[in-house]
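Proteins get letters first, then strands, A, B, ... in listed order; numbering begins at 1 in each. Values below: all heavy atoms of this structure, side chains included; hydrogens, waters and symmetry mates excluded.
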Protein chains: 2
Amino acid sequence: MGGGDRDGVRATGQRWVWDARAAGSRQTEQRRSVLEFLATVDRCLSAQEIRAALEDQGRPVSLATVYRTVARLARAGVLDVVLRDDGEATYVLGSARHHHHLVCRRCGSVAEIANPAVESWTVEVARLHGFADVDHRLTVTGVCPACRSVHQRVEGAGTS
Amino acid sequence: MGGGDRDGVRATGQRWVWDARAAGSRQTEQRRSVLEFLATVDRCLSAQEIRAALEDQGRPVSLATVYRTVARLARAGVLDVVLRDDGEATYVLGSARHHHHLVCRRCGSVAEIANPAVESWTVEVARLHGFADVDHRLTVTGVCPACRSVHQRVEGAGTS
DNA sequence: ATAGCTGCAAAGCCTTTGCGGCAAG
DNA sequence: CTTGCCGCAAAGGCTTTGCAGCTAT
């Protein structure tokens with residue numbers, strides 16, 4: 001599911017192309033802005049952060065359009081939705097196949113991690129419980145080396 | 001971090017006790033309602049669902065109090081917060097130590113699952129990336145046997 | 001020329017918070 | 001009696017949606 005050429009977006013290897021001929025999908029400056037920007041980032045960003053960054057780059061896009069665009073990209077399987085601890089949704093380019101992420105709690109930098117053993121175990125344990133239509137999501141959080149060295153202090157970082 | 005006897009709640013084995021003598025923590029009917037109710041449930045429920053259920057039981061508790069109570073219980077490590085796919089927070093009694101859950105996408109039933117190998121792998125992979133203060137969260141979603149047999153149809157259940 | 005997309009602003013939800021009054025200890 | 005807790009209602013944030021105009025095709 002969610003594998004690929006829906007919504008006019010296709011993932012071909014490491015390149016994403018917006019298929020203009022897909023049923024009523026248009027190539028617009030705003031969608032290009034969002035997609036091209038996300039391609040330059042290795043952090044998971046919220047819709048508001050994406051909008052702010054694009055504005056700084058002189059390529060303003062309305063918040064509603066950012067939401068609509070990332071929703072489309074997520075549906076197409078081009079990007080992955082990562083929920084922060086507080087429930088805010090963030091987005092990052094990724095296979096959308098392995099939902100395994102290593103996320104920095106401070107700066108939001110993301111690395112995809114993989115472990116086939118985990119993958120197969122989740123399927124197996126779900127099957128043992130009689131579950132069908134199984135999916136899974138593993139998020140490892142921590143503080144990345146960069147943030148550690150900076151000794152950046154964020155509100156409530158320590159004990160709360 | 002959130003280890004135990006804070007907020008006047010203690011987890012002793014499989015039993016939870018509200019330590020009334022903990023720094024300014026009072027035993028009230030509402031808190032008892034929430035805790036006792038959660039003990040009878042094996043599903044993860046949102047604050048609103050908890051409030052509705054308690055009202056049905058003739059033990060009404062205001063939504064604000066439910067939120068304040070579950071926040072306290074979560075901080076005390078008595079219950080676990082499980083984010084739904086849409087970002088809504090749900091709560092379930094649990095060790096709050098292993099964040100491994102098998103959740104039914106339809107009815108929200110929850111089973112705790114455990115795999116030490118996964119646990120150690122997450123720590124290892126995080127360390128390899130230089131991450132500190134590591135935590136993780138694994139959620140396996142699917143449709144449980146009960147919901148499968150009922151052939152319950154929820155909006156957008158199939159492909160979406 | 002057509003149909004989809006954008007921006008704006010309003011509405012929807014979930015969650016938090018201020019406050020007066022009540023109640024546990 | 002003191003201090004914390006409850007309920008109510010308002011405020012805060014994130015996200016979605018209706019609508020009119022613009023634009024990619």
Give A/A71 one of three labels, base, sugar-phosphate or nothing, depending on what nucleic acid heavy atoms sit under 4.0 Å from its own.
nothing
Return yes if the base of C/dT16 and the side-chain atoms of B/R68 contain a donor-acceptor N/O pair under 3.5 Å, otherwise no.
no
Is a side-chain donor or acceptor of A/R31 paired with a backbone partner of A/R26 at a separation under 3.5 angstrom?
yes
Contact under 4.0 Å: A/Q48 side-chain N or O vs D/dG13 OP1/OP2
no
Counting heavy atoms from C-beta on, name the nucleotide in C/dC8, C/dT15, C/dT6 closest to the side chain of A/R31.
C/dT6
Side chain of A/R26 only, heavy atoms from C-beta on: which candidate in C/dC14, C/dG4, D/dT16 is closest?
C/dG4
Are the side chains of A/R106 and A/R148 in touch, meaning some heavy atoms are under 4.5 Å apart?
no
In whole angstrom, give the distance that lies between atom CD of A/E49 and atom C1' of D/dG13.
14 Å
With respect to the side chain of B/Y67, which nucleotide from C/dC5, D/dT16, C/dT15 is positioned closest?
C/dT15
If two hydrophobic side chains count as joined below 4.5 Å and joins carry through other members, does B/V118 share a cluster with A/I113?
yes
I need the single residue from B/T69, B/V78, B/I50 that forms a side-chain contact (heavy atoms from CB on, under 4.5 Å) with B/L38. Which is it?
B/I50
If I take atom CG in residue B/L83 and atom P in nucleotide C/dC14, what distance separates them, rounded to the nearest angstrom?
14 Å
Send over the distance from B/L63 CG to D/dA11 C1', rounded to a whole Å.
15 Å
Are OP1 or OP2 of C/dG4 and a side-chain N or O of A/S25 less than 4.0 angstrom apart?
no
Nearest-angstrom distance from the residue atom CZ of A/R75 to P of D/dT15:
16 Å
Cut-off 3.5 Å, side chains only: do A/R84 and A/T90 have a donor facing an acceptor?
no
Looking at A/Q27, I'd like to know whether one of its side-chain N or O atoms comes within less than 4.0 Å of OP1 or OP2 on C/dC5.
no
Heavy atoms from C-beta onward define the side chain here; which of C/dC8, C/dT15, D/dA24 lies closest to that of A/T28?
D/dA24
Flag yes if A/Y91 and A/F37 sit in one hydrophobic cluster, no otherwise; membership is Ile, Leu, Val, Met, Phe, Trp, Tyr, and two members link when side-chain heavy atoms are under 4.5 Å apart.
yes
Between B/E29 and B/T90, whichever has its closest DNA chain C nucleotide further toward 5' is B/T90
Among C/dT15, C/dT6, D/dA9, the one nearest any side-chain atom of B/A64 is D/dA9
With the side chain defined as heavy atoms from C-beta on, A/S62 is closest, among C/dC8, D/dG7, C/dT15, to C/dC8
Take the protein atom CG of B/D86 and the nucleotide atom P of C/dG12, then report the distance between them rounded to whole Å.
18 Å
Could you please name the option among D/dC14, C/dC8, C/dT15 that lies closest to any side-chain atom of A/E88?
D/dC14
Find the distance A/R84:CZ to C/dT15:C1' and express it as a whole number of Å.
17 Å
B/D85 CG - C/dC13 C1' separation (whole Å)
17 Å
Using whole Å, report how far CZ of B/R72 lies from C1' of D/dC6.
12 Å
